[in-house]
Amino acid sequence: MSKTKSFFIIFLMYFFTSNYTFAQSIAIIPKPVSVQLIKEKFTLNSSTSILQTSASLSRNVQFLQEALHTLTPFSFPITKNTTSNFIQLSIDADKVTQKEGYQLIISKNSIQLTGHDEAGVFYGIQSLIQMAYQAQNKGFNLSGCRIEDYPRFTYRGLHLDVGRNFFPLSFLKKYIDLLAFYKINTFHWHLTDDQGWRIEIKKYPRLQSVAAFRDETIIGHKKDSPHRFDGKKYGGFYSQEEVKALVKYASEKYVTIIPEIEMPGHAQAALSAYPHLGCVGGSYKAATFWGVFEDVFCAGNDSTFTFLQDVLDEVIPLFPSKYIHIGGDECPKTRWKVCPKCQKRMKDEHLADEHELQSYFIQKMEKYLNSKNRELIGWDEILEGGLSPKATVMSWRGEAGGIAAAKQKHEVIMTPESHLYLDYYQSLHADEPTAAASFTPLSKVYSYEPFSTELNHEDEQYIKGVQANIWTEYTPQPEQVEYMVFPRALALSEIAWSLKTHKNYDNFLSRLRQHRSILQQKKVNFFDRFEEITYDFSMEKSGKSIVHLSTTLPNAKIHYTVDGKAPNSNDKVFKNQHIINKSVILKAQIFVGKKAYGKVFEQAFEYHKAIAKNVILKYHPKANYNPTTPYALTNGLTGNTRYNNTQWIGFSGENLDATIDLESIQSISTLGLNLLKYHWQKMWEPNVLIFSTSEDGISYKEVYRTSNFPANGINQIRAKITPTKARFIKIQAENKGIIPAGEYGVGAKAWLLIDEIYVE
């Protein structure tokens, strides 16, 4: 190789390595479309001015001035003439062709920020401010660069439920500020629910005096039994003047507020104020615990529609948004089925069933909204019975509703519960604050892709965006909301804004680490342990468990023990994998040097005679409870109460009928099984559980039967039987079947969830 060629290769290596390091200092979230580095620096100092080129940008100029002044000791005077050190804001739709897009050029003497529109300039400002935060300890030297950026989706949403818990306007403003900072442009404001009505409607004053309050509030989780209550009246509402002020505040941050007024379900608070709007009349009260309730707006009562139209007449002028959200979700049909008015409506309108009655209800409200030059958006249940002509679907029960709506040429916002419900746990540790349900870590949120493989290119145009939701049953304080939402909202921002080809979780984490200090300075109570230990277990036919533990934390090591003791920095370092072939408790801890990070990871392995033995199931597990890993029922691992850790197997309306072959005749004295009982999640105990044994797999003898499953959670069955010889074990559990009246999910198929068949 010639010296010239060798020098050229070394030069390229140096150039790209140094530029990569340089790029790491530009830690913008969400990730821009393009960042080109310039080997110059711009210094913010006492002589830096802001050049205003257009009166239309005065609001953005003032915003930038105030934001930079907050971060630095400098005043940043606004001028109309260039100086030796200036920031210039301008709009040029020819130079920046994408809506909400911007170009940011930072060189030695100037910062040139050009937007397609005012919003584009604003988002460029947010990127600039993020860089300024990161330059605080670098003499306010900003890395030279050329950034071209624009959003992937036009709708980028974050939700907040104030129906269950009420939050002050000061927090809502902070929430909107954080949305805007991460280029999220829509605030979905969930204003009404069974537990409280939160917006002033002047024509109906009892919505303020009665429906805005509940007598008391449940303590703990709704799965707890018996329910306990605090005995304290609770509530509040936002006046129309307060709403106007918040909408104006949000608009100045280029955030659109979409109000949600729930109908026809989630109406118990409204009915407490105006009981004639329900099917049975009488006395209603705002709900004091969480769930889905059978008392809904009467679809056969003309006064229901008059009331809701009157409500919308006051709501619409407050919100200039294109959409008005009407909910449309979780509406039990129990009352409608026996309501004479509803049944008459069905007959008069030639409706086949109550699902079509709901569609009639939604379409009637849509026509009214359309007459007011607004569009209806609702949860994916509005598909049931036929979708309204122009309705937009918010797909939350997975992606199926959104896919179906897009194929019908309806606009869709993807917000699947599986990935984008931020009221779910973000850690598996048992001492996490009480949350709604299962486990949705930061990595899972980040992995979400709004374009389903089931959609063709033509259908993809109807996917307008993506949204994450935070329901507040278990987050009564603003700090708790922040803890659940951040930093997962930052992952959402990257899903919604950044190009799919640019998404990389490791790169995202490298930028997120630099945003820790930003969130701290903004006084956000965020979940800071997003680099906890992740794990993977697999089992071989021999019965050995292969364990893999890892962390994304740089310069970290995982120390572990298998004797049940908490690890310290002197314990063994985890490398590659660990093999387990007996009952142990594995504990692991991340260390950076001698300093522990996060909490201790713990997993018990319980070995018994059925380990790694094949299980033959008569009926196939369904949906998310159908693990693809072998030996899911005989791997020594117990599913936890967050139930989506791939250990639980579920049957929807079907029975469990399982047979295990122990491969030889053995003496059996204990048989066991874990069952998950969560009525609030449609997970029901079986009517009966039966164990039978056989030596030949043909003739079986029943050895145990029970219908007693008292635990509200994991019922661990460990049945002591008369010692018997057996090779085959048959386990049968009769599914509850159809969920009975008065329970969540009434009329739907009950889930039967099982895990870890135990034989000893």
Side-chain angles (χ1 to χ4, degrees), residues 537-547 562 578-586 603-621 625-639 646-651 654-676 685-709 714-735 752-760:
F537 303 110
S538 61
M539 175 161 277
E540 297 180 347
K541 179 60 181 171
S542 64
K544 292 190 301 184
S545 287
I546 312 299
V547 181
V562 290
H578 182 76
I579 295 175
I580 291 175
N581 54 14
K582 61 180 180 180
S583 295
V584 298
I585 297 176
L586 171 67
Q603 178 64 57
F605 293 80
E606 187 176 21
Y607 270 63
H608 49 85
K609 291 184 176 181
I611 287 290
K613 298 300 186 291
N614 288 323
V615 179
I616 299 173
L617 296 171
K618 184 175 181 180
Y619 304 105
H620 293 292
Y625 308 113
N626 184 15
T628 56
T629 55
Y631 314 121
L633 289 173
T634 55
N635 61 7
L637 302 177
T638 299
T646 73
Q647 296 302 313
W648 291 101
I649 286 181
F651 302 89
E654 294 178 325
N655 299 332
L656 164 68
D657 193 321
T659 304
I660 299 178
D661 181 358
L662 299 179
E663 300 174 357
S664 65
I665 296 175
Q666 303 182 42
S667 178
I668 306 299
S669 59
T670 305
L671 294 170
L673 180 70
N674 296 329
L675 294 158
L676 188 58
E685 70 279 20
N687 292 324
V688 63
L689 171 66
I690 302 169
F691 288 103
S692 303
T693 62
S694 171
E695 291 189 14
D696 58 9
I698 299 173
S699 177
Y700 283 87
K701 176 184 177 182
E702 182 180 317
V703 294
Y704 180 78
R705 172 188 291 252
T706 186
S707 297
N708 184 32
F709 310 99
I714 297 175
N715 284 264
Q716 188 177 74
I717 310 300
R718 294 293 183 266
K720 299 292 184 181
I721 65 171
T722 302
T724 186
K725 298 288 185 180
R727 172 176 171 174
F728 299 92
I729 313 295
K730 186 181 286 291
I731 307 98
Q732 296 168 299
E734 182 184 331
N735 195 301
L752 171 61
L753 261 64
I754 65 162
D755 176 48
E756 199 55 28
I757 298 171
Y758 181 88
V759 180
E760 198 55 278

Task: Separation of Glu663 CD from Lys609 NZ (nearest 0.5 Å) - done: 13.5 Å

Task: From CG (Leu671) to CG (Leu689), nearest 0.5 Å - done: 10.0 Å

Open item on the list: Just checking Ile721: does its CD1 atom have more than 12 heavy atoms from other residues, nucleotides or ligands closer to it than 6.0 angstrom?
Closed with: yes

Open item on the list: Salt bridge or not between Arg727 and Asp661? Use side-chain N to carboxylate O under 4.0 Å.
Closed with: yes

- [ ] Hey, could you give me the CD1/CG distance between Ile731 and Asn655, rounded to the nearest 0.5 Å?
- [x] 13.5 Å

- [ ] May I ask you to test the Ile714-Trp648 pair for a side-chain heavy-atom distance under 4.5 Å?
- [x] yes

Task: Where Ala610 and Thr634 come nearest, the two heavy atoms and their spacing - done: O-CB, 3.1 Å

Task: Side-chain donor or acceptor of Asp755 paired with backbone N/O of Gly639 under 3.5 Å - done: yes

Open item on the list: Give me the atom names and distance for the closest heavy-atom approach of Lys725 to Ile665.
Closed with: CB-CG2, 3.9 Å

- [ ] Drop me the distance from Lys544's NZ to Ile580's CD1, to the nearest 0.5 angstrom.
- [x] 12.5 Å

- [ ] Answer yes or no: is there a side-chain heavy-atom contact under 4.5 Å between His620 and Asn626?
- [x] no

Open item on the list: Quick check: closest heavy atoms across Leu637 and Ala604, and the distance to 0.1 Å?
Closed with: CD2-O, 3.7 Å

Open item on the list: Classify the ring geometry of Phe537 against Phe605: parallel below 30°, tilted from 30° to 60°, perpendicular beyond 60°.
Closed with: perpendicular

Open item on the list: Would you say that Asn674 contacts Arg718 through its side chain, given a criterion of any heavy-atom pair below 4.5 Å between the two side chains?
Closed with: yes

Task: Check: Ser699 main-chain N/O paired with Ser694 side-chain donor or acceptor under 3.5 Å - done: yes

- [ ] Kindly compute the distance separating NZ (Lys613) from CG (Leu662), expressed to the nearest 0.5 Å.
- [x] 6.5 Å

Task: Nearest non-hydrogen partners of Ala726 and Ile668, listed with the distance - done: CB-CG1, 4.2 Å

- [ ] Measure the shortest side-chain to side-chain distance between Leu617 and Leu656 over non-hydrogen atoms and say whether it is less than 4.5 angstrom.
- [x] yes

- [ ] Could you tell me which non-hydrogen atom of Leu586 sits nearest to which non-hydrogen atom of Val562, and how far apart they are?
- [x] CD1-CG1, 3.9 Å

Task: Contact check, side chains of Thr638 and Gln647, non-hydrogen atoms, under 4.5 Å - done: no

Task: Distance-minimising heavy-atom pair for Ile611 and Asn635 - done: CD1-C, 3.7 Å

Open item on the list: What's the separation between atom CD1 in Ile717 and atom CD1 in Ile757, rounded to the nearest 0.5 Å?
Closed with: 12.5 Å

Open item on the list: Keeping Glu734 on the side-chain end and Pro686 on the backbone end, is there a donor-acceptor pair under 3.5 Å?
Closed with: no

- [ ] Verify the distance criterion only: is there a donor paired with an acceptor across the side chains of Thr659 and Lys730 at less than 3.5 Å?
- [x] yes

Task: Gln732 and Glu702, any side-chain heavy atoms less than 4.5 Å apart - done: no

Open item on the list: Using modelled atom types and a 3.5 Å cut-off, is there a donor and acceptor pairing between side-chain atoms of Ser583 and backbone atoms of Tyr607?
Closed with: yes

Open item on the list: So does Phe728 get a backbone contact from the side chain of Tyr700, meaning a donor-acceptor N/O pair under 3.5 Å?
Closed with: no

Task: Flag side-chain contact, heavy atom, 4.5 Å: Leu633 against Ile660 - done: no

